Amino acid sequence: MVFNDTVHDDTNILFSNRVKANQLFESISKKGFKDLPVLSASQEKGMVFRDDISKNITYTNSNLNNYKLVSPGNFVVHLRSFQGGFSYSNKIGIASPAYTIFEFKDNIKYDSIFWKEKFKSYNFIQLLKKVTYGVRDGRSISFSDFLSLYLTFPDIEIQKKIGKCFKALDNQISDQQCIIQQLKQLKQFLLQNMFI
């Protein structure tokens with residue numbers, strides 16, 4: 001219950017701060033970076049390079065000047081945010097003008113890894129549903145509606161500790177996935193060469 005926005009308790013270090021999202025975040029829209037790689041939102045991996053995904057998504061190079069700059073540490077409201085939360089970017093690139101890009105008003109007070117996980121949490125997605133009635137694929141969440149939500153969170157030092165813990169878990173998952181992939185390749189090699 002680390003990411004519970006219905007609780008506010010000054011004596012509980014996890015839920016000591018509660019403010020509207022508009023006090024924490026602001027949207028940004030910088031355009032004119034057509035030479036940067038195009039990014040797409042994914043449910044599991046946040047913002048990814050469009051060339052790295054298997055879907056064949058077409059876009060016109062002449063439109064890239066209207067695409068929005070996404071920098072590491074930015075969050076993105078995308079067309080499926082109502083299903084899986086907001087995407088986090090650890091990459092620099094450009095994204096569709098249909099996306100809303102936002103960042104902290106004050107980077108010093110907030111840990112982006114903590115908020116990355118918070119925005120993917122079940123409780124946050126349930127909170128989003130309160131302001132997304134009728135939203136479906138092809139239509140994004142209203143950023144102004146998100147800004148009206150009250151968010152509960154700990155002080156920066158606790159955010160950093162929680163973020164560090166989740167980052168360590170992500171690293172361990174990634175390492176295990178590499179091991180699994182290597183074992184699958186070994187199995188495939190053995191199957192192809194043992195019964196010749």
Side-chain angles (χ1 to χ4, degrees), residues 2-3 5 21-22 24-31 33-34 36-59 63-64 66-107 110-132 134-149 151-153 159-160 162-171 173-174 177:
V2 172
F3 302 120
D5 286 296
N22 67 358
L24 306 175
F25 302 104
E26 61 188 354
S27 67
I28 50 175
S29 182
K30 299 174 186 172
K31 299 179 180 180
F33 299 89
K34 64 179 181 171
L36 290 175
V38 177
L39 301 173
S40 288
S42 75
Q43 295 286 64
E44 290 183 19
K45 297 180 180 177
M47 298 304 288
V48 296
F49 294 114
R50 190 172 285 179
D51 291 344
D52 291 346
I53 57 178
S54 57
K55 291 182 185 175
N56 185 15
I57 302 171
T58 57
Y59 56 90
N63 291 338
L64 293 182
N66 289 325
Y67 275 45
K68 297 176 182 177
L69 177 67
V70 179
S71 298
N74 289 163
F75 298 97
V76 179
V77 181
H78 55 87
L79 301 179
R80 290 180 164 253
S81 288
F82 67 97
Q83 291 178 330
F86 301 145
S87 286
Y88 173 77
S89 183
N90 60 6
K91 300 169 175 50
I92 188 164
I94 53 175
S96 166
Y99 293 167
T100 301
I101 318 301
F102 68 99
E103 64 185 3
F104 296 111
K105 288 183 175 182
D106 182 351
N107 280 332
Y110 310 105
D111 181 72
S112 59
I113 303 301
F114 169 86
W115 287 89
K116 166 192 158 189
E117 299 300 335
K118 181 176 181 67
F119 289 150
K120 292 289 183 191
S121 71
Y122 173 82
N123 285 332
F124 178 74
I125 293 167
Q126 297 310 304
L127 183 66
L128 266 187
K129 288 181 179 178
K130 293 179 180 180
V131 294
T132 58
V135 172
R136 62 193 184 285
D137 285 350
R139 184 175 159 215
S140 62
I141 292 168
S142 163
F143 185 67
S144 60
D145 286 344
F146 159 67
L147 291 179
S148 71
L149 294 174
L151 302 175
T152 304
F153 55 94
Q159 289 177 44
K160 285 180 179 178
I162 293 169
K164 188 175 179 181
C165 178
F166 276 107
K167 189 169 187 173
L169 288 171
D170 283 342
N171 290 340
I173 289 167
S174 180
Q177 288 172 336

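As the structure is a prediction and not an experimental result, all values here were calculated from the model.
Side-chain atoms of L39 and F49, non-hydrogen and from C-beta on, do get closer than 4.5 Å to each other. Between F119 and L128 the shortest side-chain heavy-atom distance does not fall below 4.5 Å. The shortest distance between side-chain heavy atoms of I101 and S29 does not fall below 4.5 Å. You'll find the side chain of F86 reaches within 4.5 Å of the side chain of F124, heavy atoms only. Contact annotation: the side chain of Q159 approaches that of F153 to within less than 4.5 Å [non-hydrogen atoms, C-beta and beyond].
Note: S121 OG to W115 CH2 = 10.0 Å, rounded to the nearest 0.5 Å. Between the CD1 atom of I94 and the CE atom of M47 there is a distance of 10.5 Å, given to the nearest 0.5 Å. The CG atom of N74 sits 4.0 Å away from atom CD1 of I28, with the distance rounded to the nearest 0.5 Å. In this structure, the separation between CG on L169 and OG on S174 is 12.5 Å, given to the nearest 0.5 Å. Between the CG atom of L36 and the CG atom of L69 there is a distance of 6.5 Å, given to the nearest 0.5 Å.
Taking the six-membered ring where the residue is Trp, F102 and F146 present tilted rings, their angle falling between 30° and 60°.
Seen from the ring of Y99, K68 does not count as a face-on cation partner, given the 6.0 Å and 45° thresholds.
Across G163 and I113, no two heavy atoms sit closer than the pair O-CG2, 3.3 Å. The two residues S42 and S87 come nearest to each other via the heavy atoms O-OG, 3.5 Å.
No more than 12 heavy atoms of other residues, nucleotides or ligands shown are found within 6.0 angstrom of NZ on K45.
Counting only residues at least two apart or in different chains, salt bridge (charged side-chain N to carboxylate O under 4.0 Å, His left out) contacts with residues 114-127 comprise D5-K118, K116-D170. Screening residues 93-103 for salt bridge (charged side-chain N to carboxylate O under 4.0 Å, His left out), with sequence neighbours left out, gives no hits.
A donor-acceptor pair under 3.5 Å is formed between the side chain of H78 and the backbone N or O of G85.
Aromatic pair F143/F25: ring centres not closer than 6.0 Å. Side-chain rings of F75 and F104 approach one another, their centers coming within less than 6.0 Å.
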